A.B. asks: 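One structure follows; several queries about it will come next.
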There are 2 protein chains.
Amino acid sequence: MAKSRPSIRDVARESGVSPTTVSLIINQVDERISSATRSRVLKTIDRLQYKPSRLAQGLPSKSSKTLAIILPDLHMAFADAYFGEIISGIYDHAAEQDYRITLEVARRSFVRSKRYLNILDDCSVDGLLFLGATEEHRWLEDCSGSDRPLIIVNNRFPQWDLDSILCDYPMAGRLAADHLFAQGHRHIGMVCGPSAKVYTADELTNAFIDRLAEHGVAIRDRLVVDGEFNVGPGQRAAAQLLATEPNLTAIFCGNDKMALGAYQAARAMGRHVGTDLSIVGCDDLPAAATADPPMTTVRLNYYDLGVAACARMLRRLGLARSNGNAQKTADAAKAAGPSNTDAKAPGAAVPAKTHRHVLPPAGRIPVRLVERQSVVSLNV
Amino acid sequence: MAKSRPSIRDVARESGVSPTTVSLIINQVDERISSATRSRVLKTIDRLQYKPSRLAQGLPSKSSKTLAIILPDLHMAFADAYFGEIISGIYDHAAEQDYRITLEVARRSFVRSKRYLNILDDCSVDGLLFLGATEEHRWLEDCSGSDRPLIIVNNRFPQWDLDSILCDYPMAGRLAADHLFAQGHRHIGMVCGPSAKVYTADELTNAFIDRLAEHGVAIRDRLVVDGEFNVGPGQRAAAQLLATEPNLTAIFCGNDKMALGAYQAARAMGRHVGTDLSIVGCDDLPAAATADPPMTTVRLNYYDLGVAACARMLRRLGLARSNGNAQKTADAAKAAGPSNTDAKAPGAAVPAKTHRHVLPPAGRIPVRLVERQSVVSLNV
DNA sequence: GGCCTTTAGTAAAACAGTTTACCCGATTTC
DNA sequence: GAAATCGGGTAAACTGTTTTACTAAAGGCC
């Protein structure tokens with residue numbers, strides 16, 4: 001009869017030591033174990049193909065070494081390049097630290113059953129990373145001010161006390177403004193993201209407008225139209241812009257999808273992107289490079305955003321673990337707070353490549369302009 | 001001092017019963033519990049906000065109620081609509097049965113460390129669903145003939161004994177052939193998937209060719225060109241086709257991405273899709289509908305594929321659980337085999353909406369033709 | 001040689017459930 | 001009226017780790 005999984009006791013027996021010893025060796029707390037014993041045990045582990053049970057390991061520490069990524073309930077959310085890049089970043093960093101990732105979709109049932117709290121309570125998951133959160137996700141309020149490890153990725157809710165991590169949207173807006181101005185554009189419109197619904201969309205819009213103002217270029221309200229972050233609405237917004245102000249030479253779009261919509265609008269109205277109309281996007285999704293003409297856009301490094309979000313999560317978990325269980329944890333987490341300052345954290349918990357040193361102030365993920373061929377230079 | 005998570009013992013004490021009773025109630029094995037006791041306990045559970053620990057629950061049964069989805073190491077695999085739809089299907093079905101999903105990417109490190117075996121061995125995961133597997137994934141051989149719950153989604157490896165679940169590619173090929181023939185096309189080319197690397201790609205190609213032959217339309221070898229399932233190569237393949245055989249009236253592409261490439265090739269050569277060249281795709285990804293002109297394509301229902309794959313996985317796990325542990329399991333799994341017949345399985349384990357009754361023989365996921373505007377009728 | 005440190009290791013108690021075998025009193029059966 | 005059955009429940013063992021507190025032996029010191 002085939003033996004089932006070997007347990008730590010099997011290893012201990014076969015090596016002539018106690019389970020404690022094996023455990024100490026596995027967890028590298030082997031200060032106290034002679035190297036002779038250690039190598040003997042390691043050999044047994046190898047021979048028996050012993051793998052410690054995650055379930056059993058997690059039981060005492062109440063940790064499953066698993067992080068949940070929550071996506072909004074959009075049709076085919078998984079199939080979106082924006083989420084895809086962030087998830088890749090999170091996954092890679094988590095895997096490096098031997099954490100696993102689980103996926104959740106914030107459907108009505110998910111929210112109704114408070115699954116976002118339950119998966120934490122039942123130890124399924126150590127922390128939550130929420131992608132694509134908007135003001136519609138009222139239930140986030142439940143998590144407000146809590147020491148629960150929740151991180152909002154790429155949005156912020158000033159009204160609730162939640163930890164978030166963001167790309168440097170103000171800088172993105174400035175880069176776009178500077179570039180268009182430098183190329184000689186003075187009549188500029190903008191297709192913005194859903195304003196008052198997504199904090200970062202407003203950050204971008206305001207930074208863009210303010211920077212143009214600094215250059216002495218005013219941009220009237222009706223030249224900023226909401227494109228809802230999507231292709232169709234983006235197209236309509238751009239069409240409206242071009243209709244009301246035919247002498248516009250450039251349009252800045254709050255994301256690449258809307259910029260693609262603007263391409264379509266331009267074509268439909270007989271304008272040629274890259275020759276008699278300039279368009280700047282924001283995201284640098286793969287589609288931007290393959291667009292016709294290839295799109296000049298502000299690259300937001302979503303992969304790095306994912307890595308940074310995961311790093312922050314792991315750091316918070318490390319903190320929580322390091323100062324005892326239960327009681328004191330709450331205060332400690334409170335003190336560490338929504339740690340936007342990314343202060344120096346205790347060594348052990350900090351993973352190798354946190355990118356911390358390259359983060360701009362306030363922990364923003366850096367951005368840069370990618371020049372391709374959708375912007376005309378109006379200079380002599 | 002705040003109490004930490006309540007345990008089953010807390011619930012038991014507060015309700016004046018034993019932990020056993022609480023456990024029986026939670027697990028609905030409450031045949032033996034009076035409804036008075038049950039409601040009393042349920043009330044306590046509610047009051048204490050008690051959630052059984054997944055870790056502790058899994059320990060005796062060695063099950064984490066978690067399934068792993070493995071994706072190939074393509075750049076930004078998460079950002080692919082094909083995978084996205086399948087994952088959505090798997091996720092939805094799993095969530096319904098209270099299973100969680102974890103994500104893995106089959107990178108070199110993943111394979112080198114045999115993580116695909118380890119996550120099973122260490123009880124992180126109860127089963128593996130592999131998406132996008134190709135002949136390159138030699139390590140799959142490791143899993144051959146094993147009773148480990150591994151399911152290959154949408155590919156098959158005749159040389160290894162692995163459980164797989166597939167869309168009805170032969171039917172897809174026939175639908176495309178019938179449609180083009182019915183519209184009067186007689187000079188037809190094909191951009192196929194990577195032949196000899198992906199079993200299902202060959203199924204599709206062969207079915208298409210054979211069906212045309214049945215209609216009396218022969219299709220010469222050089223009119224079938226490999227497009228590697230991707231836009232760029234698909235474009236080149238189509239261009240080659242149109243160059244060598246200018247009087248071609250129609251091209252069938254093995255997936256939508258290649259069809260989109262074919263659109264580009266046609267445009268570049270001055271041909272107009274939907275008027276003087278007909279193109280049929282295969283997949284029906286969102287991009288097919290928004291293409292210009294909207295693409296006629298064979299719809300492979302990837303969401304349903306995901307649901308079916310997950311259902312099969314859960315059924316296998318149900319079987320494994322139901323007949324004791326360890327020893328007998330292997331035989332049982334063997335008997336159930338690569339269960340393409342989808343025979344009637346023991347009741348309890350079978351989830352509500354398996355779609356089983358609508359599956360064609362051999363458990364293929366059904367397909368259908370979606371007529372849009374990329375095919376011209378040559379009939380009077 | 002006795003006392004104090006180390007060193008290397010261990011026993012046993014958590015952790016939080018499930019499961020098996022059993023118990024006790026009230027009916028039913030014969 | 002005694003034995004068997006049944007309803008309703010429980011005690012205790014078990015799952016596989018980690019962790020705390022302890023110990024036995026060896027080494028250093030005077």
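All values reported here derive from a predicted model rather than from experimental measurement. Lettering of chains follows the sequences in order, A, B, ..., and the numbering in each one begins at 1.
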A.B. asks: If I take atom CD1 in residue A/I26 and atom C1' in nucleotide D/dT17, what distance separates them, rounded to the nearest angstrom?
C.D. replies: 9 Å

A.B. asks: Check whether any side-chain N or O of A/D46 sits under 3.5 Å from a backbone N or O of A/L42 as a donor-acceptor pair, and report yes or no.
C.D. replies: no

A.B. asks: Anything under 4.0 Å to a heavy atom of chain B counts; send over the first and last such nucleotide of DNA chain C, read 5' to 3'.
C.D. replies: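 With heavy atoms of chain B under 4.0 Å away, the range is C/dA16 to C/dA21.
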
A.B. asks: What is the separation between atom CD1 on B/I8 and atom C1' on D/dT15, rounded to the nearest whole Å?
C.D. replies: 14 Å

A.B. asks: When the distance from CZ of B/R9 to P of D/dA11 is rounded to whole Å, what number comes out?
C.D. replies: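 One finds 12 Å between P of D/dA11 and CZ of B/R9, rounded.
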
A.B. asks: Is any NZ, NE, NH1 or NH2 atom of the basic residue among A/D121 and A/R148 found under 4.0 Å from an Asp or Glu carboxylate oxygen of the other?
C.D. replies: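 Salt bridge flag = yes for A/R148 with A/D121.
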
A.B. asks: Whole-Å distance between D/dT15 C1' and A/R54 CZ?
C.D. replies: 18 Å

A.B. asks: Short question: side chain of A/Y116, backbone of A/F110 - any donor-acceptor pair under 3.5 Å?
C.D. replies: no

A.B. asks: Between D/dT17 atom P and A/I45 atom CD1, what is the distance in whole Å?
C.D. replies: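 My rounded result for the distance is 10 Å.
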
A.B. asks: Could you state the atom-to-atom distance from CD1 of B/I25 to P of D/dG8 in whole Å?
C.D. replies: 12 Å

A.B. asks: Hey, does B/S53 reach any base, or is it just sugar-phosphate, or nothing, if we go heavy atoms under 4.0 Å?
C.D. replies: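 Answer is sugar-phosphate: B/S53 comes under 4.0 Å of backbone atoms only.
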
A.B. asks: Would you tabulate the nitrogen or oxygen pairs shorter than 3.5 Å linking the protein to nucleotides 19-25 of chain D?
C.D. replies:
| unit_1 | atom_1 | unit_2 | atom_2 | d |
| --- | --- | --- | --- | --- |
| D/dT19 | O4 | A/T20 | OG1 | 3.2 |

A.B. asks: B/V17 or A/K51: which one's nearest nucleotide on DNA chain D is closer to the 5' end?
C.D. replies: B/V17

A.B. asks: Tell me the bend of the helix from C/dG1-D/dC30 to C/dC30-D/dG1 as the angle between end helix axes, each from five pairs, rounded to the nearest 10 degrees.
C.D. replies: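 Result, rounded to 10 degrees: 50°.
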
A.B. asks: Closer than 4.0 angstrom, basic N to acidic O: yes or no for A/D10 and A/R5?
C.D. replies: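 Salt bridge flag = no for A/R5 with A/D10.
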
A.B. asks: Could you check how far NZ of B/K62 sits from C1' of D/dG16, rounded to whole Å?
C.D. replies: 8 Å

A.B. asks: Distance check, rounded to the nearest 0.5 Å: A/I151 atom CD1 versus A/I69 atom CD1?
C.D. replies: 11.5 Å

A.B. asks: Look up atom OH in A/Y91 and atom SG in A/C310, then write down how far apart they are to the nearest 0.5 Å.
C.D. replies: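 Those atoms lie 11.5 Å apart.
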
A.B. asks: Under 3.5 Å, is there a donor-acceptor pair linking the side chains of B/T37 and B/S34?
C.D. replies: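 Yes - a donor-acceptor pair under 3.5 Å links their side chains.
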
A.B. asks: Check whether A/S15 reaches the backbone of A/V17 with its side chain - one donor and one acceptor, N or O, closer than 3.5 Å.
C.D. replies: no

A.B. asks: If the threshold is 4.0 Å, N to carboxylate O, is there a salt bridge linking A/D163 and A/R312?
C.D. replies: yes

A.B. asks: Atom CG of A/L59 to atom P of D/dC14: distance rounded to whole Å?
C.D. replies: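 Answer to the nearest Å: 18 Å.
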
A.B. asks: Does A/Q57 make a side-chain N or O approach to OP1 or OP2 of D/dG16 shorter than 4.0 Å?
C.D. replies: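 For D/dG16, OP1/OP2 do not have a side-chain N/O of A/Q57 under 4.0 Å.
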
A.B. asks: Assess whether a salt bridge exists between B/E104 and A/R100, defined as any Lys/Arg side-chain N lying under 4.0 Å from an Asp/Glu carboxylate O.
C.D. replies: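 Result for this pair is no, no salt bridge flagged.
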
A.B. asks: May I ask you to decide whether A/D126 forms a salt bridge with A/K65, counting only side-chain N to carboxylate O separations under 4.0 Å?
C.D. replies: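 No.
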
A.B. asks: Would you tell me if any nitrogen or oxygen in the side chain of B/T37 comes within less than 4.0 Å of OP1 or OP2 on D/dG9?
C.D. replies: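 Yes, within the criterion.
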
A.B. asks: Just checking, any donor-acceptor pair under 3.5 angstrom between side chains of B/S18 and B/T21?
C.D. replies: yes

